[in-house]
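Below: the structure, in structure tokens.
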There are 2 protein chains.
Amino acid sequence: MEAATHGGHDAHGRRGDTRARIQQVALELFAEQGYERTSLREIAERLGVTKAALYYHFKSKEDIVNSFTEDYFAQLDELIAWGQGQPGTARTTHELLERYIGIVLDGSEVFRFLHRNQAMVHSTQEGKAHRFEEFRPKMDALLEIIAGPDAPARSRVRATAALFGVSASCMFFTPESLGPDSDAKDITPALQPLPDRDELRKIVLELADDLTRDIA
Amino acid sequence: MEAATHGGHDAHGRRGDTRARIQQVALELFAEQGYERTSLREIAERLGVTKAALYYHFKSKEDIVNSFTEDYFAQLDELIAWGQGQPGTARTTHELLERYIGIVLDGSEVFRFLHRNQAMVHSTQEGKAHRFEEFRPKMDALLEIIAGPDAPARSRVRATAALFGVSASCMFFTPESLGPDSDAKDITPALQPLPDRDELRKIVLELADDLTRDIA
DNA sequence: GTCTATAGACGGATAGAC
DNA sequence: GTCTATCCGTCTATAGAC
């Protein structure tokens, strides 16, 4: 990921992949400060370009968001499709959780963004149709695969806690948000030191198993 | 709560408690749509007054928020103080979780607001000092009481999952957001039917116990 | 592909009459 | 306590030059 893919004759450290850089900076700022509190001016400034340049690469502010949520949602869809085709066994639940954890861990910055902009996910006003609205139905689908249809309250609650406990843990114990600058502290004290990725994966999976062990 | 406290000689159905009504409507809208996406104009409109009227009761938009987060935060502070004065036993953890669940359940609308406006909680820009910033440190304090100081990664992750799994569950399985209007559906299908409050409390406490059973 | 300049809307907040 | 009227800032988005 560090080495250049083809030569690397960058002029002043930055190539012509402006589009990707916009996505990267936007995701970072949206996740950190929130979508509404981040203006295009701020994104442009940080990139050393002007607002108008952004509109060459994306047709709107929301379009930037959609560009990096698409991959994430596609992964969830794939997981759901897989889960729905499996028998409703404990083995399926375990594997589903394992894969889900992988997705969250891989896309933890996107997940952080979704988490910190929940308000967007839940209410769409006036024609605006961001892709986020697809988020909740996806979580519901996962819940139903885990708990099964028409499951008792206890099962549904535990499945919910598993999914969200796992998500929150992955997010809090993953320092991906820290850009190249803030290396030291930003991390809440109670979380330190951060476990490494594989250890975290194991701990989180165990915990999710504990929550879903005895449910339908 | 339904009966009037003193006579009830309301003119046209609404008393002079405008301030309380502002809080109520604002909380509802902020929780539903998000803080930034809710304008003072919208709040005023729904109350049948003008923006300027709001400024008689509150000095700013943020001031409205602070007015209803204060109680909630005070309860958390009380809980933390209590927890810090207890021995680090399993019994303490159990009771702490029980009380925490009570707080979240009682103030579930406020909690929903905090959850859906995470971006505000995490980044404060330019002098603005909302009380939210106090939220994360409080959660950290609770985590430390549960896991103990210098606990291994597994303990800290499980404590985190317990706290956030519990919170998310309480929020999702509590229909308090539904105003007087939308009585039927708004609730995500996978959660229905909603368990009653006491059943939910029991289920959630059990789950939290499972997660914190074997940790420091 | 990136810039300057600007349109057009809407936001929070205040002054002062009633 | 509530209203009308208004100020001033910022935002998204676009037009058109280079």
Side-chain angles (χ1 to χ4, degrees), chain A residues 9-27 29-30 32-67 117 119-120 123-132, chain B residues 9-27 29-30 32-67 117 119-120 123-132:
Chain A
H9 54 290
D10 324 344
H12 38 295
R14 293 273 159 60
R15 296 122 309 166
D17 55 354
T18 310
R19 192 186 149 94
R21 289 175 56 224
I22 293 172
Q23 286 176 315
Q24 178 196 323
V25 168
L27 175 56
L29 290 176
F30 289 164
E32 199 178 316
Q33 311 176 328
Y35 176 79
E36 348 266 345
R37 293 168 91 97
T38 303
S39 67
L40 294 180
R41 184 190 51 73
E42 190 176 0
I43 295 172
E45 236 166 43
R46 187 175 288 211
L47 285 168
V49 298
T50 61
K51 276 192 297 177
L54 305 185
Y55 280 93
Y56 174 82
H57 297 278
F58 297 93
K59 73 177 227 299
S60 71
K61 191 183 181 187
E62 294 218 326
D63 194 41
I64 301 179
V65 168
N66 291 334
S67 77
N117 291 275
M120 283 190 84
S123 92
T124 311
Q125 92 268 43
E126 186 87 25
K128 302 273 189 176
H130 12 87
R131 300 265 193 285
F132 308 26
Chain B
H9 54 290
D10 323 344
H12 38 295
R14 293 274 161 58
R15 297 122 308 168
D17 55 353
T18 309
R19 191 185 149 95
R21 291 175 54 225
I22 294 172
Q23 287 177 315
Q24 177 195 325
V25 168
L27 176 55
L29 290 176
F30 289 164
E32 199 177 317
Q33 312 176 328
Y35 176 79
E36 346 267 345
R37 291 168 94 93
T38 304
S39 67
L40 295 180
R41 183 190 52 72
E42 190 176 1
I43 296 171
E45 238 166 42
R46 186 175 289 213
L47 286 168
V49 299
T50 60
K51 275 194 296 178
L54 304 185
Y55 279 94
Y56 174 81
H57 297 278
F58 298 93
K59 74 176 227 298
S60 71
K61 190 182 181 188
E62 294 218 325
D63 195 41
I64 301 179
V65 168
N66 290 334
S67 77
N117 291 277
M120 282 189 84
S123 90
T124 312
Q125 91 266 47
E126 184 90 23
K128 302 273 190 176
H130 10 87
R131 301 265 194 285
F132 309 26

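Labels below follow one simple rule: chain letters A, B, ... track the order of the sequence lines, proteins then strands, and each chain is numbered from 1.
- In this structure T38(A) satisfies the side chain to side chain contact (heavy atoms under 4.5 Å, CB included) test together with L29(A), F30(A), Q33(A), E42(A), I43(A), sequence neighbours excluded.
- Between T50(A) atom OG1 and L40(A) atom CG the span is 11.0 Å, to the nearest 0.5 Å.
- Rounded to whole Å, the distance from CD on E45(B) to C1' on dC10(C) is 13 Å.
- Nucleotide dT4(D) holds its P atom 17 Å from the OH atom of Y55(B), rounded to whole Å.
- To the nearest 0.5 Å, the span separating CD on E36(A) from CG on N117(B) amounts to 9.0 Å.
- Annotation: salt bridge (charged side-chain N to carboxylate O under 4.0 Å, His left out) contacts of E45(A) (sequence neighbours excluded): R41(A).
- Computed from coordinates, the L40(B) CG to dC7(D) P distance equals 20 Å when rounded to whole Å.
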Between R21(A) and H57(A), is a side-chain contact (heavy atoms from CB on, under 4.5 Å) present by the stated rule, with each step listed? CA-CA 11 Å; R21(A) 289 175 56 224; H57(A) 297 278; over 6 Å; no
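- Rounded to whole Å, the distance from CZ on R37(B) to C1' on dC10(C) is 14 Å.
- For the pair R41(A) and dT10(D), the criterion of a side-chain N or O lying under 4.0 Å from OP1 or OP2 is not met.
- Within the 4.0 Å cut-off from OP1 or OP2 of dG1(D), not a single side-chain nitrogen or oxygen of T18(B) is found.
- Partners of F58(B) according to the side chain to side chain contact (heavy atoms under 4.5 Å, CB included) rule, which considers only residues two or more places apart in sequence or in another chain, are R19(B), I22(B), Q23(B), D63(B), I64(B), S67(B).
- In this structure, CZ of R19(B) is placed 17 Å from C1' of dT2(D), rounded to the nearest angstrom.
- Of the side-chain N and O atoms in Y56(B), none sit less than 4.0 angstrom from OP1 or OP2 of dT2(D).
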Contacts under 3.5 Å, N or O only, protein and nucleotides 4-6 of chain C:
none

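- Formation of a donor-acceptor pair under 3.5 Å by the K61(A) side chain with backbone atoms of Y35(A) is found in this model.
- The CG atom of D63(B) sits 14 Å away from the P atom of dG12(C) (whole-angstrom rounding).
- Taking atom NZ on K61(A) and atom C1' on dT10(D), their separation rounds to 11 Å, with Å as the unit.
- If you measure from atom CD1 of I64(B) to atom P of dG11(C), you get 14 Å, rounded to the nearest angstrom.
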